[in-house]
There are 2 protein chains.
Amino acid sequence: MANIRDVARHASVAPMTVSRVLNQPDAVSVETRMRVEAAIQELKYVPNMVGQGLRKRRTMALGLLVSDITNPFAIQQIQGVTRAARESDYTVIFGHTESSPAEEMRQLRSLIERRVDGVLLSPVYGTPEAIDFVREQSLPIVVLDYAMPDMDVDVVRCDTRAASRELTRYVLERGHERIAMLSGDEAIITARDRATGFQEAMAEAGLPAPVSFGHYTSESGFEMAMGMLDSPRRPTALVTASNFIAMGAAEAAQELGLAVPDDLSIVTFDNARTDMVHDPFFTGVVQPVTEMSSAATVMLLDRILGRYDGPGRDEIFPTSFEAHRSTAPPPGT
Amino acid sequence: MANIRDVARHASVAPMTVSRVLNQPDAVSVETRMRVEAAIQELKYVPNMVGQGLRKRRTMALGLLVSDITNPFAIQQIQGVTRAARESDYTVIFGHTESSPAEEMRQLRSLIERRVDGVLLSPVYGTPEAIDFVREQSLPIVVLDYAMPDMDVDVVRCDTRAASRELTRYVLERGHERIAMLSGDEAIITARDRATGFQEAMAEAGLPAPVSFGHYTSESGFEMAMGMLDSPRRPTALVTASNFIAMGAAEAAQELGLAVPDDLSIVTFDNARTDMVHDPFFTGVVQPVTEMSSAATVMLLDRILGRYDGPGRDEIFPTSFEAHRSTAPPPGT
DNA sequence: CTGTTAGCGCCTTCAC
DNA sequence: GTGAAGGCGCTAACAG
């Protein structure tokens with residue numbers, strides 16, 4: 001594998017000239033450039049970014065950590081980040097944390113070891129440690145989909161509490177009165193916010209607002225739904241805080257012989273965008289994940305390239321709503 | 001951000017000793033080691049793998065290129081590779097080629113620039129250029145899910161032609177006689193092999209074997225299905241060569257007022273594994289993608305670490321079969 | 001067990 | 001417009 005000196009020798013120039021041909025071609029005379037380019041071709045020279053990164057102290061790589069790669073949500077994050085990064089000639093080194101804070105720290109460390117120029121983190125529990133860890137290496141970081149109150153850090157997210165209120169109102173407007181919420185881990189701020197939004201909307205309607213906290217998994221959704229539905233005055237509608245919880249709830253309904261949506265309506269968060277799924281089933285809130293992730297990447301690049309270095313920005317994107325087949329009026333109406 | 005010399009100074013040792021503490025702790029006396037470790041803690045030193053990579057001429061990174069990250073198939077590949085890589089302390093730098101050969105070459109180049117220690121490629125069209133390009137940099141490469149006859153290269157795949165034969169036989173055994181195949185781009189070997197397997201099984205049964213070639217997308221599946229189904233003596237079953245084609249075909253059926261499976265059975269390849277999808281719909285062939293990808297990663301590491309350097313290996317994994325809700329006997333039986 | 005020297009591939013700086 | 005010197009952070013090889 002040829003290096004820059006091999007090319008230089010082959011073209012009878014100094015290594016520096018080869019470097020110029022690659023990085024500032026206009027600073028080299030046409031004839032020299034052509035000779036160097038011929039040598040590059042001939043030796044099949046591919047520049048070594050490891051050397052370059054060491055010297056320039058810039059790797060042109062961004063780190064991206066998502067929680068759960070099996071979630072379509074994460075795929076959209078990856079797409080959004082990759083797309084924006086590519087436009088600035090940045091590579092994305094991505095890892096998934098399997099929703100484990102320990103793994104999150106391990107992966108962050110690995111990204112720092114590789115000296116990525118910045119980090120995009122979709123956190124598990126949003127503990128300050130992860131952010132501090134990156135910061136103490138004076139690396140810029142942007143947080144995805146996780147509110148960080150009282151932390152001076154760039155965040156890109158949605159107003160998930162308001163979205164939850166509206167989602168609940170939608171169900172109320174369909175005539176439901178016995179509605180329960182299945183949320184995620186109470187330690188996760190989106191899980192709390194979504195529960196709060198639900199409770200606010202139910203309070204407006206003067207109705208009780210039962211909430212289960214569990215995890216953002218279908219297993220947990222199944223269990224929580226079984227708990228909520230196992231009662232004579234069972235809810236006629238469930239508001240779930242994630243697509244996986246919704247799936248688990250739908251399984252529980254099936255297990256109990258309840259038809260969705262005829263016997264039980266289900267609405268959810270984190271719906272995958274329609275164009276990713278054939279015949280979407282769940283009615284719910286859709287976040288512009290790809291756009292958010294691209295925006296977050298641009299914010300990160302702003303920091304890296306020195307285009308911005310003020311206080312942390314909290315960029316909030318609007319959510320939208322998609323009605324599909326998982327909702328109907330309550331049974332008996 | 002501290003470097004190894006800062007740590008050395010802080011612990012009153014030579015940089016080399018710090019390096020030893022990190023890489024061969026047993027070669028350092030306990031007291032020295034403790035002093036160095038204290039300095040590392042205090043300075044929050046994180047080793048720089050860029051410098052290390054330059055010196056060792058090893059980056060401890062593998063490149064992985066998948067075609068289409070929105071495909072659950074690709075997610076499983078990423079998981080399998082990441083898992084196996086992690087066990088050997090390797091990082092995965094992954095990219096998606098958006099099913100474009102030009103992008104594939106661009107991404108390969110980017111991986112080479114970063115001097116990954118080896119490449120895992122799930123090719124678009126399986127042209128030799130991509131492989132030669134990697135090889136001429138004397139980098140090892142393993143090909144995923146793509147037969148490479150006449151190329152001396154490591155491949156991990158399934159016997160997709162045999163699987164297609166069996167899949168077709170399953171449909172025949174259900175009593176169907178008018179069966180059509182919707183395949184992918186004829187330039188893609190799996191698309192050809194799956195068509196061939198279908199034709200072989202149909203020939204065994206003495207039946208005509210109409211095949212459409214299109215693309216591995218739901219749009220193409222929709223169009224091909226519309227073409228095949230728009231006839232009085234339309235097929236009662238479709239064999240599709242990918243999950244996306246199956247989705248498109250199901251949409252076409254819906255558009256034509258045909259119920260799946262009552263009016264039309266659909267079987268497919270590239271089914272996502274059951275545990276990734278709520279209530280799987282399509283009957284079809286399931287490949288052990290995660291295992292295959294892990295195995296491919298191990299094969300690659302064999303080359304990288306010099307555990308193997310013989311001729312290219314063609315490792316063929318068995319497929320399995322999952323019956324779900326998209327198949328029934330032909331209408332009127 | 002510890003240290004010194006030198007160089008991996010590249011580019012910043014300065015000189016010509 | 002071109003080149004020489006030096007160093008980014010790290011470790012192989014050798015010395016003590």
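Throughout, a chain's letter reflects where its sequence line sits, starting with A, and its residues are numbered from 1. Only a predicted model underlies this, so the values are computations on that prediction, with no experimental measurement involved.
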In whole angstrom, what separates Glu113(B)'s CD from dC10(C)'s P? 11 Å
Just to confirm, is there a sub-4.0 Å distance from OP1 or OP2 of dG9(C) to any side-chain nitrogen or oxygen of Asn48(A)? no
Walk along nucleotides 11-16 of chain C from 5' to 3' and tag each nucleotide B, S or - by protein heavy-atom contact under 4.0 Å, base first, then sugar-phosphate. BB----
Thr82(A) side chain to Ile78(A) backbone, donor-acceptor under 3.5 Å: yes
Give, for atom CD of Glu113(A) and atom CE of Met60(B), the distance between the pair rounded to the nearest 0.5 Å. 10.5 Å
Please report the interatomic distance CG(Asp145(A)) to CZ(Phe317(A)), rounded to the nearest 0.5 Å. 10.5 Å
Spacing of CD1 belonging to Ile316(B) relative to CZ belonging to Arg157(B), to within rounding of 0.5 Å: 4.0 Å
side-chain N/O Thr17(B) vs dC1(C) OP1/OP2, d < 4.0 Å: no
Take the protein atom CG of Leu54(B) and the nucleotide atom P of dC8(D), then report the distance between them rounded to whole Å. 13 Å
Atom CZ of Arg114(A) to atom P of dG9(D): distance rounded to whole Å? 18 Å
Spacing between Arg33(B) atom CZ and dC1(C) atom C1', to the nearest angstrom: 12 Å
Are Asp68(A) and Glu98(A) side-chain neighbours, meaning at least one heavy-atom pair lies under 4.5 Å? no
Contact nearer the 5' end of DNA chain C, comparing Arg57(B) with Ser29(B): Ser29(B)
Interatomic distance where CZ belongs to Arg58(A) and C1' belongs to dG7(D) [whole Å]: 19 Å
Below 4.0 Å: OP1/OP2 of dC8(D) and any side-chain N or O of Arg5(B): yes
May I ask you to say what Val13(B) touches in the nucleic acid, namely base, sugar-phosphate or nothing, with a heavy-atom cut-off under 4.0 Å? sugar-phosphate
Are any of the side-chain heavy atoms of Tyr146(B) and Leu121(B) separated by less than 4.5 Å? no
How long is the line joining CG of Asp6(A) and C1' of dG9(C), in whole Å? 10 Å
Start with the C-alpha distance between Arg114(B) and Thr59(B), add both sets of side-chain angles, then the distance that settles side chain to side chain donor-acceptor pair (under 3.5 Å), and finish with yes or no. CA-CA 8 Å; Arg114(B) 294 197 177 276; Thr59(B) 53; over 6 Å; no
